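Comments concern the structure below.
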Amino acid sequence: HPSLNLTLRKTFSLFANVRPARSIEGFKTKYEDVDVITIRENTEGEYCGIEHEVVPGITQSVKVITSEASTRVANHAFKVAELLNRKK
């Protein structure tokens with residue numbers, strides 16, 4: 001059975017996981033001036049919910065990735081980049 005999270009994502013078309021990451025002034029880290037946004041598909045792949053028990057204690061998960069979902073999240077990523085005036 002699909003998880004409640006997956007059901008909610010599909011019901012409300014929450015297909016993109018958007019994760020910004022920025023450096024925080026005053027915190028010394030290995031890299032300076034970090035400002036990136038990671039956007040990934042949120043309803044397929046590991047999240048598709050297709051699993052079955054091969055033998056007791058061993059579960060196999062099928063990873064489904066469609067061109068439709070991949071294109072949709074790629075288009076969304078470009079829209080976010082344009083909206084936020086990203087250059088790279």
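Model, not experiment: these values are computed from the prediction.
- In the hydrophobic clustering of ILVMFWY residues, with side-chain heavy atoms under 4.5 Å counting as a link, Val62 and Ile65 come out apart.
- The structure places CD of Glu44 at 6.5 Å from OG of Ser70, a figure rounded to the nearest 0.5 Å.
- Hydrophobic clustering of Ile, Leu, Val, Met, Phe, Trp and Tyr side chains at less than 4.5 Å, counting indirect connections, keeps Phe27 apart from Val34.
- Cluster annotation: Leu6 is not connected to Phe15 through the hydrophobic network of ILVMFWY side chains, with a link wherever side-chain heavy atoms come within less than 4.5 Å.
- The local environment of CD in Glu68 is sparse, with at most 12 non-hydrogen atoms from other residues, nucleotides or ligands closer than 6.0 Å.
- Nearest heavy atom pair, residue Leu8 against residue Leu14, reads O-CD1, 4.2 Å.
- Taking every heavy atom of both residues into account, Val18 and His76 meet most closely at CG2-NE2, 4.1 Å.
- Inspection of the Glu25 and Ser23 side chains reveals no N or O donor paired with an N or O acceptor under 3.5 Å.
- Two residues are said to be in side-chain contact when any heavy atoms from C-beta on lie closer than 4.5 Å; Asn17 and Ile39 fail this criterion.
- Nearest heavy atom pair, residue Thr59 against residue Glu51, reads CG2-CB, 4.0 Å.
- Among all heavy-atom pairs drawn from Gln60 and Val54, the shortest one is CB-CG2, 3.6 Å.
- Under the 4.5 Å side-chain heavy-atom criterion for ILVMFWY residues, no single connected hydrophobic cluster contains both Leu83 and Val73.
- The residues Glu41 and Arg72 are annotated as salt-bridged, a charged nitrogen and a carboxylate oxygen being separated by less than 4.0 angstrom.
- Residues Glu82 and Arg86 are not paired through a salt bridge, judged by the lack of any N-O separation under 4.0 Å between the basic side chain and the carboxylate.
- Summarising the geometry of Val55 relative to Glu53, their closest heavy-atom pair is O-CG, 3.1 Å, with the distance given to 0.1 Å.
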